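Side chains included, hydrogens not; waters and symmetry mates left out as well; all remaining heavy atoms used. Positions are given from 1, in the same order as the sequence printed here. All values reported here derive from a predicted model rather than from experimental measurement.
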Amino acid sequence: MFSSFFQAARNSPFRSPFTPVRCDDGQPAVESEPALGSGPGPVVGREIAAAASSQSDSCEFGSAKYFALCGIGGILSCGTTHTFVVPLDLVKCRLQVDPAKYKNLIHGFKVTVAEEGARGLAKGWFPTLIGYSAQGLCKFGLYEVFKVKYADILGEEKAYLYRTYVYLAASASAEVFADIALAPFEAAKVKIQTVPGFANTFREAVPKMYKDEGITAFYKGLVPLWMRQIPYTMMKFACFERTVELLYKYVVPKPRIECSKGEQLIVTFAAGYIAGVFCAVVSHPADVVVSKLNQTKGASAIGIVKSLGFMGMWNGLGPRIIMIGTLTALQWFIYDGVKVALGIPRPPPPEMPASLKAKEKSK
């Protein structure tokens with residue numbers, strides 16, 4: 001089923017400079033030591049897929065192992081970061097659903113601690129950990145798959161010229177599946193955090209939710225979740241990819257290849273935070289709807305939008321910018337760090353294909 005994806009990866013214009021050279025029959029080229037004193041020369045029948053290969057890479061770019069390891073990076077980046085900010089997320093959700101009681105971020109923390117103690121700030125940590133780990137697996141792993149596939153469909157030149165659209169389409173496609181994995185856990189998390197006395201743990205919440213509303217309790221927020229997460233993820237990936245490109249082009253004082261891995265991770269973190277701020281603003285109204293929808297039994301998304309009004313859709317924006325900006329930066333930092341630690345190929349920002357450069361010169 002995925003064989004076409006793997007083949008596409010080998011021909012992708014987004015391929016890494018570490019991708020191994022391949023022969024015309026699709027098999028890896030066998031490298032041999034040149035005779036002493038002989039100079040380099042072309043090899044008949046060989047198509048150069050990349051400039052160099054890295055001996056430290058643990059897998060081939062676009063292989064099944066590559067996509068699987070990217071998925072593991074997604075699990076670690078999303079699951080850990082979302083769990084880390086559970087206290088902030090809890091207060092943010094309560095600001096959205098009950099602004100009269102929780103007047104601002106600081107006041108929300110004070111009220112929560114006063115009523116439930118410090119442990120109350122950790123409510124919903126388990127469904128957050130499991131749900132966002134599953135989401136991260138699909139989000140990052142499938143993004144890499146779809147990015148390679150869509151680039152291959154467009155061809156080398158168009159994939160470079162329209163690379164922003166490739167990032168947008170690939171991330172949107174991945175997020176559709178990621179939210180299906182996340183929805184049941186997100187519904188339970190919001191219920192635990194926003195309905196007083198409903199449940200304190202995931203194990204306690206699930207049977208109550210099923211008894212009250214059946215299986216729909218876990219997926220009634222899926223469409224609003226798509227409305228929140230798909231724009232968020234499209235911005236997250238496209239903005240990040242282009243920001244990295246711009247940082248290396250205009251801000252970083254030396255080429256990426258000359259930067260240490262630590263310096264590259266700093267660029268990753270900076271680009272991630274910039275992307276996160278835009279993500280928070282774009283997806284915030286839908287986030288408010290998801291919180292209210294999972295809080296209220298029998299509610300509909302349209303009814304909640306009407307009851308909130310335009311201004312009500314922006315409740316809790318400040319805390320969410322802080323949370324999502326930090327979250328997105330940490331996710332990209334961890335994801336890129338996992339790639340370094342596991343020896344996963346890390347393609348540099350795409351460069352204009354030689355054929356396009358030739359066309360530009362001929363004009």
Side-chain angles (χ1 to χ4, degrees), residues 1-31 45-77 136-175 177-178 233 237-238 240-241 244-245 256-257 261 264 268 332 335-355:
M1 176 181 176
F2 290 102
S3 60
S4 61
F5 287 145
F6 303 150
Q7 183 60 38
R10 300 185 182 105
N11 303 314
S12 170
F14 292 87
R15 59 184 174 262
S16 163
F18 308 123
T19 307
V21 175
R22 295 202 153 262
C23 299
D24 285 348
D25 63 358
Q27 299 299 317
V30 178
E31 300 292 343
R46 175 177 292 175
E47 178 185 349
I48 302 299
S53 62
S54 172
Q55 300 300 319
S56 62
D57 287 346
S58 64
C59 60
E60 178 188 342
F61 179 78
S63 65
K65 184 177 180 181
Y66 171 80
F67 291 127
L69 290 178
C70 287
I72 291 173
I75 290 172
L76 294 174
S77 66
L137 171 67
C138 298
K139 184 198 295 276
F140 281 91
L142 291 179
Y143 171 72
E144 299 287 355
V145 172
F146 284 120
K147 182 171 69 170
V148 160
K149 183 61 177 177
Y150 294 157
D152 182 63
I153 291 172
L154 288 175
E156 187 175 28
E157 292 185 3
K158 288 184 179 179
Y160 174 78
L161 292 173
Y162 304 113
R163 58 194 181 281
T164 301
Y165 297 102
V166 173
Y167 303 144
L168 291 169
S171 56
S173 300
E175 190 60 36
F177 297 96
T233 301
F237 282 87
F240 172 80
E241 298 267 21
V244 166
E245 193 176 329
R256 180 184 185 270
I257 197 171
K261 289 180 179 178
Q264 291 177 19
T268 295
W332 279 114
Y335 182 64
D336 212 23
V338 170
K339 281 190 168 184
V340 170
L342 298 181
I344 306 172
R346 300 165 61 238
E351 295 184 1
M352 182 180 291
S355 56

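Taken to the nearest 0.5 Å, the CG atom of D57 stands 11.0 Å off from the NZ atom of K339. How far CG of L76 is from CG of L342: 8.0 Å, rounded to the nearest 0.5 Å. Put simply, CZ on R163 and CD on E241 are 10.5 Å apart, with the number rounded to the nearest 0.5 Å. A distance of 12.0 Å separates OG of S171 from CG of L142, quoted to the nearest 0.5 Å. From S63, atom OG reaches atom CD1 of I344 across 10.0 Å, with rounding to the nearest 0.5 Å. Summarising the geometry, atom CD1 belonging to I153 is positioned 10.0 Å from atom CZ belonging to F146; distances are rounded to the nearest 0.5 Å.
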Requested in this report: Decide yes or no on ring pair (Phe, Tyr, Trp, His ring centres under 6.0 Å) for Y66 and F61, but give the supporting numbers first.
Outcome: CA-CA 6 Å; Y66 171 80; F61 179 78; 4.8 Å; yes
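Here the shortest heavy-atom pairing between S173 and Y150 reads OG-OH, 2.8 Å. Taking every heavy atom of both residues into account, P345 and E60 meet most closely at CG-C, 4.4 Å. Counting all heavy atoms, side chain and backbone alike, P349 lies closest to V244 at CG-CG1, 4.1 Å. K65 and C59 make their closest contact through CD-CB, 3.7 Å (heavy atoms, listed as atom of the first residue, atom of the second, distance). Residue Y143 comes nearest to A174 through the heavy atom pair N-CB, 3.5 Å, listed as atom of the first residue, atom of the second, then distance. Nearest heavy-atom pair across E175 and T233 is OE1-OG1, 2.7 Å.
When atom types are taken as modelled, the side chain of S77 and the backbone of Y335 share no donor-acceptor pair closer than 3.5 angstrom. Within the 3.5 Å criterion, the main-chain N or O of R256 finds a donor-acceptor partner in the side chain of Q264.
W332 and F240 have parallel rings, their planes meeting at less than 30° on a 0 to 90° scale where 60° marks the start of perpendicular.
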